[in-house]
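First up is the structure itself, then whatever we jot down about it.
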Amino acid sequence: DSGSVVPYPSLVAQSESTQRNTSKSGSASTAAMGTSSSSSSSASALIISACDKAGMEGIDRTRVDEIIMRESAGSVYMKQQQKRDQNVNVKIDELKQKLAAKDYSMASINSNATSWRRAGEHALEPIIDELVQSRPRRSTCVVVDMDGFYISCELLSRPPELGNLPCCVGGNMITTSNYVARRYGVRAAMPGWIGDKLVEELSNGKERLIHIPSNFDLYTRKAHIIRGALAEYDPNLRAYSLDEAYLDIGPYVDLRVGRGWSHERVVATLASTSKHSCEDKEHVDEEVGNEEEFIHCNVDISAIAAVVKEMREKVKVATGGLTCSAGLASNFMLAKIASDQNKPNGQKVVGPSHKEVLEFVHPLSVRKVPGIGRVMEKMLNAFDIHIVHDLYKERALVQFLFKPASARFLLRASLGWSNDSLDPSAPEDDEVGSSSSASGQKGISKERTFSAGKSWEELNSKLEDVCRSLSQSMVEKNIKAHTITLKVKLHTFDVITRAKTMPRGIVLQNADQMIVEMTEMLLNVKRQHKGTFSVRLLGVRCSNFQGDEERSQDSGQMDISKFISTCSPIRASHNSLVHSTGTTKMTSRIEKKVDFAQKGAQTDAQVKNTDISSFFSKEKGWNKVEEFETAQVLDSGTNSTHALHSVDPGNVSSVPASR
DNA sequence: ATACATACC
DNA sequence: TACTGGTATGTAT
């Protein structure tokens, strides 16, 4: 759906000139020419708010885009966005040249410029096999997402007629809009005055966008009620934000549907077992029993879906009428995507089989994948990759183009199973190894926007305010940090950051201490900066917390087998794309799954640790087709698993020799 | 360790 | 006129 972007002549022209400028160093590239136009045609995709949110299907995007562009044309903000867009264009051009060079060098070896891709696909086969094989075989992962959470909370306590009018939470900046407003293209992260214009013009002056000030306490209270309702189904749920939760209802389903227990009995059992960490497995065994058939009991997926339906109904009742949507799938990436499909007040089930997973995920725009944002979408589009199926089809190209972490993430996404770290919702690696700081939080920050052009004194005063506010939060949370970062946003929207790590033994929490550091840093930034130093935002961030040191070193040394023997089986049984934000902390899981879970964890970790893309890099000498073929022959001559999986990722070129 | 960029809600 | 705030993480140096 993101493919049809209205071209804006000025932007397109600008982008094309960028292309010329940046490709001047180009080597004779024939292969790249065929696709080089695509990066300019979607220039506006990065700049305007795409209408890809739930509730915005089939609206007159042309008119919405036209109004947004007209309203922001020439603004400083838009200029900054265009600058960003051009930087992405440069990146795309560099990738195209990299590809052209590859095709050129391969052509001299093989006479077929693109045959390296076939070889690459072949090299990926064992990795894909492993991934598919270690895929979970039940759909018990649930993502629950409240429908327009903030605005729904507000409308709950207001006359119902309001719900039929376009409403939003937020004044200068819109944080949520109701579905009436979304029909006009009004959405989160949109400045209020553009929302006003959209409603005014698209309703022909008949309607006006209603702004409701945000009331965070209200949303927090509701969020706790929601979590309470959901926790009956998974006491170890992860609350990702106020309005989103990740659950594994496998244990609930096994007892409720598999055993036929009452809801109340299941809740009591889960609540008591979840309090204990994985060392207390005997207790769980007593509670749950040891029968083998229970472990793999075949609960019909429609019965699981019914549980989700019931769960959503309980949320609605508990909150006094707030609706939510849910996705039910065999991993959290799919569940997350699915939760958006039947919004609002709906749910979507994705079956666990490979076939069902691919049928669900392959037709989707790559943008639907959590972790693929506007920039990655644009880069992929530039190589004619638009839907997830393209991502799979072009997997060799993708491995060649992107850095290992991105490439791995994209490959897994194309198979319908990503839990990689590109997604900020990915699991932390510290689940059990963590000792001191309980939350797993990595940093804390405060920032404030104000009208640009403040005097130096005013600026320093603002900075002190931010420091004091941050200090207060750190005292409340009992956080002390080693590193402090200053963030300065200029009136041009350019962002400058400067960081300082304190000498050993010195930690930051006290406001005055932070003010000293930040004031000096701001002065340095001002001195370094040429041109008018007009600031629109100041921010301070503290990271590198005291008490996190031993842990990071420890987990870095932990190898896979140790990881498995030490850790709870959570991640594996979840195959998780699990969050750890704040209040709810996952500690244990029903133990009967542990065998399967460990197996899953091992294969998963091995795949994860394999540097796929080194097979495509020049330096390793693995880009020659003949060597791929040699490797395959050698590989097929052994009983062990594929060569890839026993290889030190940092030394891939040693594989042929070791065989 | 630092600076900047991307992503999510 | 006018485009947030908080957190995490990837990439490059």
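What you are looking at is a predicted structure, and each value in this text was computed from that prediction instead of being measured.
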**Prompt:** Of all of residues 491-498 of chain A, which get a heavy atom below 4.0 angstrom from DNA chain B, listed by number?
**Reply:** A/I496, A/T497, A/R498
**Asked** What are the residues of residues 192-202 of chain A, sorted by number, that bring a heavy atom to within less than 4.0 Å of DNA chain B?
**Response** none
Whole angstrom is fine here: how far is it from [atom1] in [X] over to [atom2] in [N]?
X: A/R84; N: C/dC3; atom1: CZ; atom2: C1'; answer: 12 Å
X: A/M146; N: B/dC9; atom1: CE; atom2: C1'; answer: 15 Å
X: A/K91; N: C/dG10; atom1: NZ; atom2: C1'; answer: 10 Å
X: A/M376; N: C/dT9; atom1: CE; atom2: C1'; answer: 13 Å
X: A/I372; N: B/dC9; atom1: CD1; atom2: C1'; answer: 18 Å
X: A/F450; N: C/dC3; atom1: CZ; atom2: P; answer: 13 Å
X: A/M78; N: C/dT1; atom1: CE; atom2: P; answer: 15 Å
X: A/I337; N: B/dC9; atom1: CD1; atom2: P; answer: 11 Å

**Within residues 513-536 of chain A or reaching into it, pairs that qualify as salt bridge (charged side-chain N to carboxylate O under 4.0 Å, His left out) - sequence neighbours excluded** = A/K500-A/E517
**Pairs satisfying salt bridge (charged side-chain N to carboxylate O under 4.0 Å, His left out), at least one member in residues 485-494 of chain A, at least two apart** = A/K83-A/D494, A/E447-A/K487
Counting only side-chain nitrogens and oxygens, does [X] get under 4.0 Å of the OP1 or OP2 atom of [N]?
X: A/R367; N: B/dA7; value: no
X: A/Q80; N: C/dC3; value: no
X: A/R541; N: B/dC4; value: no
X: A/S445; N: C/dT7; value: yes
X: A/K446; N: C/dT4; value: no
X: A/S241; N: B/dC8; value: no
X: A/S406; N: C/dT11; value: yes

**Item:** Any donor-acceptor N/O pair under 3.5 Å between C/dC3 base and A/T449 side chain
**Value:** no
Check ring-ring contact (aromatic ring centres under 6.0 Å, His included) between [X] and all other residues, then give those that pass, not counting sequence neighbours.
X: A/F493; answer: A/Y77
X: A/Y150; answer: A/F216, A/Y219
X: A/F533; answer: A/H529

**Message:** Between C/dC3 and B/dC8, how far apart are the two P atoms, rounded to whole Å?
**Reply:** 23 Å
Categorize [X] for me: base, sugar-phosphate, or nothing, with a 4.0 angstrom heavy-atom threshold over every strand shown.
X: A/D243; value: sugar-phosphate
X: A/S72; value: base
X: A/V540; value: nothing

**Prompt:** Between A/T483 and A/V369, who's closer to the 5' end of DNA chain B by nearest nucleotide?
**Reply:** A/T483
**Request:** May I ask you to establish whether A/K98 and A/F400 are in a cation-pi arrangement, using a distance under 6.0 Å from NZ or CZ to the six-membered ring centre and at most 45° from the ring axis?
**Result:** yes
**Prompt:** Relative to A/F383, does A/K96 satisfy both conditions: NZ or CZ under 6.0 angstrom from the six-membered ring centre, and within 45 degrees of the ring's axis?
**Reply:** yes
**Complete:** Contacts of A/K343 meeting salt bridge (Lys or Arg N to Asp or Glu O under 4.0 Å) (sequence neighbours excluded), chain-then-number -> A/D145, A/D147
**salt bridge (Lys or Arg N to Asp or Glu O under 4.0 Å) involving A/E200 - partner list, sequence neighbours excluded** = none
**Prompt:** Counting N and O atoms only, with roles assigned by atom type, does the side chain of A/R312 sit under 3.5 Å from a partner on the main chain of A/N345, one being a donor and the other an acceptor?
**Reply:** yes
